[in-house]
Amino acid sequence: VEIDYWQYVFDTRVQAMDQLIANFEEANPDITVNHQTFPYADYQTRVVAANVAGQGPDVVQLFYGWLDNFIAGELIQPLDPAVFPTEDIEGEFFPIVSAMERDGQYWGLPTAVRSLALFYNKNIFEEAGLDPESPPQTLDELLAAAEATVQRDGGGNITRVGIAMGMAGQDHQWWREGLIRQFGGQPYSDDGTQVTYNDEAGIAATTWQADLYRGDAPVTQIGFMDEPQAAFRAGMAAMTIDGTFRLGAFSEITDFEWGVTELPANDEGVRSNYASYFANAIGVRAEGEELEAAQKFLAYISSPEAMEIWLEVVGELPARQDVALTEENLADPIYGPFLAGLEYAQTTIFVDEAAQRQVAIDMETRISLQGQEPADSLAQAAQEEQAILDAFYSR
Amino acid sequence: MADIRLEGLVKRYGKATVVHGIDLEIADGEFVVFVGPSGCGKSTTLRMIAGLEEISGGVLKIGDQVVNEYEPKQRNIAMVFQNYAIYPHMTVGQNIGFGLYTSDLPKAEKQKKIAEAGKILGLEDLLDRRPASLSGGQRQRVAIGRAMVRDPAAFLFDEPLSNLDAQLRSQMRIEIKRLHQRLGKTIVYVTHDQVEAMTMADRIVVMHEGRILQVGTPTELYEQPVDVFTARFIGSPSMNLLPARASDGAIIAGGAKIGGVPSRTGSGDLLVGVRPHDLLVGEASAQAAMALKGIVTVVEPLGSETLVHIEVDGAPAIATAPAKQVPAVGSTVDVWAAPGSLYLFDAPSGKSLGRL
Amino acid sequence: MADIRLEGLVKRYGKATVVHGIDLEIADGEFVVFVGPSGCGKSTTLRMIAGLEEISGGVLKIGDQVVNEYEPKQRNIAMVFQNYAIYPHMTVGQNIGFGLYTSDLPKAEKQKKIAEAGKILGLEDLLDRRPASLSGGQRQRVAIGRAMVRDPAAFLFDEPLSNLDAQLRSQMRIEIKRLHQRLGKTIVYVTHDQVEAMTMADRIVVMHEGRILQVGTPTELYEQPVDVFTARFIGSPSMNLLPARASDGAIIAGGAKIGGVPSRTGSGDLLVGVRPHDLLVGEASAQAAMALKGIVTVVEPLGSETLVHIEVDGAPAIATAPAKQVPAVGSTVDVWAAPGSLYLFDAPSGKSLGRL
Amino acid sequence: MSAAVSDTSRNGLWDRFSIGQKRVIWAWTFLALPIVFYGAIRFYPTFQAFWLSFTNWDLLRPAQFIGVQNYVTLVNDPQFWQVFRNTFAYLIIGTPISLVLSFLIAYYLDRVRFMHGFIRALYFLPFLTTAAAMAWVWRWFYQPPPIGVINGFLGSVGLPAQPFLRSLEQGLPSIMVTAIWAGLGFQIIIFMAGLRAIPSTYYEAARIDGLGEWAILRKITLPLLKPTTVFLVVFSSIGFLRIFDQVYNMTTNDPGGPLNSTKPLVLMIYQTAFSSFNMGYAAAQTVVLFTILLIVSLLQLWVLRTR
Amino acid sequence: MTATVPSTEFKFNTSSIRPGRIIAWTVLFIGGVIMITPLLFMFSTSLKSAGQVYDLRLIPAAPSFDNYVKVLSDGRFMRWFFNSTFVAVAVTLSNVFFDSLVGYTLAKFQFRGRYFIFLAILSTLMIPTEMLVIPWYLMSAQLGWIDSYWGIMFPGMMTAFGTFLMKQFFETVPDDFLEAARVDGLNEFTIWWKVAMPLVTPALSALAIFTFLGNWTAFFWPLIVTNSRDLYTLPVGLSSFAVEQSIQWEMIMTGAAIATIPTLLVFLVLQRYIVRGVMLAGLKG
Ligand SMILES: Nc1ncnc2c1ncn2[C@@H]1O[C@H](COP(=O)(O)OP(=O)(O)OP(=O)(O)O)[C@@H](O)[C@H]1O
Ligand SMILES: Nc1ncnc2c1ncn2[C@@H]1O[C@H](COP(=O)(O)OP(=O)(O)OP(=O)(O)O)[C@@H](O)[C@H]1O
Ligand SMILES: [Mg+2]
Ligand SMILES: [Mg+2]
């Protein structure tokens with residue numbers, strides 16, 4: 001039997017998957033897995049478009065936030081509870097796997113999950129007189145550290161940011177699931193149909209974040225070095241907030257030492273994180289033999305063995321609690337903070353991830369470039385995002 | 001047998017008829033030249049013979065066969081074009097050999113034919129050259145070579161010398177004529193240059209507005225033009241035409257009476273033609289058929305003779321003076337023509353009324 | 001005063017010298033024609049006069065002034081080009097008026113001048129047309145019109161008639177000549193057509209490889225060419241040249257002794273020239289300077305006469321027969337030349353040794 | 001001597017046709033495949049696009065006819081009007097600037113003899129580059145300090161840093177510069193070809209008539225260059241109206257620039273179709289693009305027509 | 001319009017080198033250098049290591065080809081390179097064949113419907129590709145052309161632009177050439193292929209250059225129609241590479257340089273033909 005597996009292009013993910021496929025094919029000599037990859041930007045297009053053509057993969061990787069789209073588009077089929085018992089899933093995986101559940105049915109399983117953490121440049125910390133072994137643990141400390149590490153040239157241009165920022169990166173997740181909650185709000189209603197961040201808490205969170213890049217002595221600059229992670233990697237940012245998936249890229253850094261710590265807590269010590277994952281689902285066209293093979297493959301790539309390989313190659317956290325929360329992993333200076341974050345992580349149910357992120361980007365742009373007050377900008381963002389939600393849920 | 005017969009040949013483009021039913025027989029081995037002003041249908045006729053243009057009406061026979069619907073190749077004729085149509089991307093040898101493209105001769109045979117044609121045309125040393133490095137005359141010879149190797153029943157030429165300068169033209173004229181003598185093939189040749197027609201043709205066909213005006217040997221046309229058009233067309237410079245009136249059996253032209261007029265001439269408007277070579281500057285001799293006075297407007301000394309442009313009674317005319325005699329512009333000169341050198345035409349119709 | 005003086009005029013392109021020091025005086029109102037084969041430097045010389053080409057050496061004077069460094073405009077000359085150089089985006093009137101672009105005449109005055117030029121050139125009805133819809137001759141007239149309105153001291157023409165067909169060419173020839181007579185302005189005219197030179201020029205300048213070979217009136221050049229080049233270049237068809245040897249005071253050419261040779265002639269290789277018009281077919285008259293036999297290769301009846309191409313002792317020559325006499329190809333004919341019609345040249349140098 | 005007329009090659013059906021008919025048959029034979037191609041690959045999809053623009057097709061579910069709903073949505077979409085303005089900004093600023101610039105360069109380059117080929121190559125090289133690749137180079141150029149090359153230069157001569165792509169005002173001009181840069185070489189070469197095609201005697205005649213350089217330029221060069229100019233105006237207008245590669249690759253973080261300030265219509269189409277899968281709506285946008293192109297081209301041809 | 005570019009390089013002969021000339025030259029030269037600065041920086045950066053990228057000097061302190069080795073050892077680049085070349089060459093050949101055939105037919109055959117066909121083909125110039133992409137995608141999907149070379153190529157196999165160009169050029173070929181061949185007994189196809197085509201080689205090279213460049217740099221459609229990375233063309237591959245490398249400028253510049261080098265090399269070798277070809281095409285406007 002031949003089945004197609006699709007995922008997007010990311011070097012280490014491709015490597016890891018190739019390795020998994022090799023193992024799987026060895027164990028199941030009668031099954032061949034075709035591994036196809038697409039650029040991230042066009043990945044969704046591909047899947048959807050292939051569907052129009054009456055084609056499509058047997059096993060497909062999807063961002064959890066796309067699930068509703070994929071279901072609506074009849075791209076994937078629910079997992080057969082006989083093969084993937086619901087109790088097992090809920091018992092063994094991190095709770096965020098529930099984002100793959102609709103009406104009691106599971107539609108896919110992740111191999112790995114990701115959460116956010118604060119990366120910091122130890123060399124810069126040292127140079128600024130900060131202790132490289134005690135990174136900021138609260139928002140105030142974060143601000144102080146950023147102020148201590150930011151650098152400017154004679155013309156007042158920032159030449160090194162205290163913390164690299166940009167909604168185009170991961171900061172919109174931090175804002176949505178981290179800051180808003182830490183300031184006492186809630187981004188969306190429980191059923192996900194209503195935007196609820198346009199309140200006092202939302203304004204406070206947004207203003208706090210905006211103050212990092214506006215005002216007379218900002219500690220960061222939007223678009224600095226194009227991308228937050230690029231700035232950090234180049235040693236031009238003392239800190240950045242990013243996800244597990246960045247570990248692979250940052251591991252190539254040789255010019256300086258860096259460390260990871262949990263996202264900062266608020267004054268009351270409340271922390272909040274954002275977790276996400278790419279799940280694997282079974283394509284709607286898999287039937288009979290192929291369905292069986294696809295199920296086998298899915299089971300393998302969400303097995304503990306696969307997760308260990310994934311952690312090793314990609315650096316992403318295992319989606320099964322028991323595989324993830326080992327002593328060794330928790331003590332790991334790098335994985336530790338991410339795993340810790342998983343404990344209090346939230347996932348956002350996106351209906352159109354790209355569009356919703358764009359709302360956050362535009363909100364930030366209005367503040368940074370147009371000088372709009374954060375409260376006004378937030379209000380507008382809430383309105384825009386609500387429109388997106390309405391459009392989706394009214395279909 | 002490659003005699004070509006045109007029977008009522010007609011060509012229409014849409015509604016416009018450009019060739020109005022031409023009848024002509026061209027004998028095997030004959031050199032026939034079509035002349036006429038631009039747009040008179042010479043090329044069209046030739047192209048109908050070649051099979052490049054569909055025949056709208058009438059019958060075209062080559063030998064005994066009606067070939068109206070034959071493709072050019074089947075007619076076994078060759079054609080040489082005004083701009084030579086030799087291919088710049090092939091060598092001279094390849095160009096000549098291109099005439100044999102569809103033939104199934106063995107290669108060696110082809111080579112032999114090419115070499116032979118090259119030799120006849122004096123192109124032996126150029127066979128490997130590209131046309132770009134050839135002179136106009138050489139190019140035209142290549143084009144002829146390409147036609148020759150095919151060994152066709154007849155050659156068609158469409159103004160092959162128009163693109164050459166005067167000197168080359170007169171040289172190529174002779175070469176083509178020699179070639180005709182040598183090969184003995186039928187040649188149909190189109191030109192608008194009457195000198196070419198006169199010097200090369202066995203027979204000349206004068207065309208005008210899609211019709212044949214006159215067919216004859218060069219001398220016939222020169223001596224007995226059927227109308228004003230042919231008369232002016234043949235001979236260089238063109239025949240002078242002086243408006244005249246016949247009355248009482250006498251003809252008055254340019255203010256002078258013409259002597260020796262036969263009495264049969266009725267009255268009416270006439271044109272008296274006299275060729276510049278026959279209209280001599282100088283004191284009229286006693287037997288002059290016509291003696292006039294003219295005011296010199298321009299003189300053109302040619303070395304061997306001088307053309308004197310004069311105005312006779314308001315009408316322009318050209319007379320000839322001996323080489324070294326160059327009358328002053330503005331002066332009045334006597335000119336005269338000998339008997340037998342005058343042509344008489346009916347003014348309204350332009351038809352010839354014979355010579356005087 | 002618009003007399004133009006060239007004193008040792010030199011033109012170099014890089015290392016190549018294309019005009020080797022030309023001396024010439026052109027009188028006010030004179031019509032001077034430069035002739036010569038292609039590439040001999042005619043255009044270059046003209047363009048130096050016009051100011052379009054820098055002068056590499058020597059002095060150019062117009063009137064009394066050295067104008068070497070003057071801009072074209074300051075020289076007050078007008079020029080007419082081979083391809084007319086009339087602007088396709090302007091009407092005929094605008095084109096003619098363009099000659100006055102820099103003049104500060106009032107508009108009405110300009111209009112008057114344009115109308116006047118249009119009238120002289122017969123373009124009155126075309127003033128609002130675009131050049132695209134004009135014939136070649138009309139275009140050339142527009143170009144002349146543009147030159148005329150400027151009322152320049154001299155006109156320069158660079159092969160203005162080359163792009164026209166034979167008939168138009170001879171017509172325009174006369175028009176330009178008339179215009180010269182009418183305006184009386186100096187004209188310097190470049191052509192490679194000897195007929196144009198002969199018929200239009202007051203004086204002809206024969207150029208060859210960047211040098212002046214001979215300057216003279218048309219008749220002078222025709223009658224007394226200084227060397228073989230001029231002799232063959234002037235006159236059509238070209239002069240026949242027969243190799244000859246002088247020995248013992250006698251000259252043998254074409255196997256026949258030439259009569260009446262003055263005794264001064266030394267011995268050595270000679271060329272005997274005789275113009276086709278002077279080489280007559282027929283029984284030699286008693287006083288013939290030369291009598292030869294030739295084999296007819298081609299005959300070209302022109303109507304008024306017949307050119308007979310013959311081979312005399314292996315050398316080709318052209319003779320003339322009266323109009324109606326057409327010798328058969330391949331036959332042997334007698335030809336003769338009258339005394340005084342022979343030109344004698346030194347074979348190695350080509351220099352003229354006078355006439356016989 | 002060969003037979004007068006070769007009779008052998010006459011055969012059957014083919015020879016029933018007259019010479020003219022045979023040629024017509026040849027012509028249609030030559031055209032057969034291309035006609036199928038143009039029909040299937042150009043015309044049929046065009047009509048399909050028109051049809052789709054009246055549906056709500058979203059790739060997932062079958063298309064439903066919804067009348068002009070998409071167009072109504074479009075007219076009421078503020079983003080569309082933003083994008084519409086941007087598209088015309090690219091056209092109205094880009095076309096004249098690039099044409100004037102390329103004409104000036106061509107005009108002077110045409111007279112330069114020393115190292116002519118080399119200088120011409122300098123201007124032409126950008127035309128040979130891949131827009132997708134060069135967009136990244138430019139993106140790097142436009143970065144803020146400390147990595148941006150241009151800002152680095154500005155800083156070194158004491159000028160304040162500019163935000164370029166990270167700016168609502170400078171974003172669009174910055175991208176336009178790259179588009180002009182990429183197309184300039186082509187336009188220069190075309191202009192030079194046009195200039196060369198003007199016979200030099202026109203200039204010589206004008207010089208003899210005493211015209212100065214400016215008068216020659218105005219009265220002779222420009223009018224005679226008109227066909228070239230028309231070609232370039234239409235060609236470059238279409239190019240600017242369809243700008244995509246540069247924008248797409250220079251603003252991957254925030255596609256279409258901050259608050260869509262650089263987003264052209266084609267990018268909107270791409271996003272609507274291939275990010276939101278709103279095919280019907282995207283088709284309506286393509287129809288609008290088509291209409292704009294048509295009107296602009298015809299308008300230009302009409303304005304610049306030769307009387 | 002004639003098919004030859006006049007070789008007269010200069011309209012004005014100068015009496016001597018004028019100061020204006022020198023200024024013009026200098027300005028042009030500086031402008032030209034500015035034009036290629038992006039290219040210079042691209043090459044320069046591709047020779048720098050990650051740490052040196054932010055050192056904006058043009059001449060790298062320690063130039064090395066490590067980036068090239070890294071990018072090319074990837075293997076994908078070579079593959080993309082091949083794909084781009086293959087696609088561009090195949091499409092170019094097809095265009096040269098079909099555009100000329102159609103152009104020739106429209107220029108040299110008289111038949112009813114000729115003008116209509118010409119206008120119809122010409123009118124496709126007005127249809128933006130973007131409009132067709134969705135239907136093309138659908139069509140490819142239904143016919144199984146997605147993710148195949150053919151899928152990338154088929155929309156460009158013939159172009160109205162090429163047809164128009166070739167028609168214009170064939171119109172400058174005197175009929176005599178074709179009729180001479182016709183009299184010699186060649187069939188119409190052979191006449192076109194053997195006689196007419198060699199006569200318009202300058203135009204063919206212009207067409208070939210344009211088609212090749214256009215397809216070599218094509219981005220929009222290949223981006224949409226290819227699935228597997230093995231079938232990416234160079235620009236698409238490069239773009240995905242840039243995104244996936246999450247902005248490592250030195251690597252992106254290396255990739256960009258690799259995408260640019262072939263056309264630059266081709267240009268340097270064929271400079272005269274390319275410029276001539278482009279000029280020819282321009283004249284046809
Ligand atoms: N394809 C065509 N369609 C319509 N009319 C045509 C066509 N070809 C030629 N004609 C017309 O037929 C007439 C005769 O043309 P033809 O070419 O035979 O003249 P010609 O005597 O060869 O003239 P020239 O000396 O200028 O070559 C002309 O009036 C011309 O306009
Ligand atoms: N710009 C130039 N650079 C170099 N050599 C040139 C240039 N212009 C002309 N020449 C050379 O100068 C010589 C004379 O050229 P010129 O144009 O004066 O000849 P011409 O007598 O007018 O010939 P034609 O009858 O062909 O017009 C030729 O050998 C030509 O090659
Ligand atoms: Mg003709
Ligand atoms: Mg000349």
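Remark: D:R111 qualifies as a cation-pi partner of D:Y107 under the 6.0 Å distance and 45° angle criteria applied to the six-membered ring. By the 6.0 Å and 45° rule, C:K15 does not stack over the aromatic ring of C:Y13.
Most heavy-atom pairs under 4.5 Å with chain D, from the set C:Q82, C:H89, C:Q74, C:M79: that is C:H89.
Using a 4.5 Å cut-off between heavy atoms, C:Y84 does not touch chain D at all. In this structure, the portion of C:I86 lying under 4.5 Å from any heavy atom of chain D is its backbone and not its side chain.
Nearest heavy atom pair, residue D:T262 against residue D:V247, reads O-CG1, 3.6 Å.
The six-membered or imidazole ring of D:F186 lies near that of D:F235, with a centre-to-centre distance under 6.0 Å.
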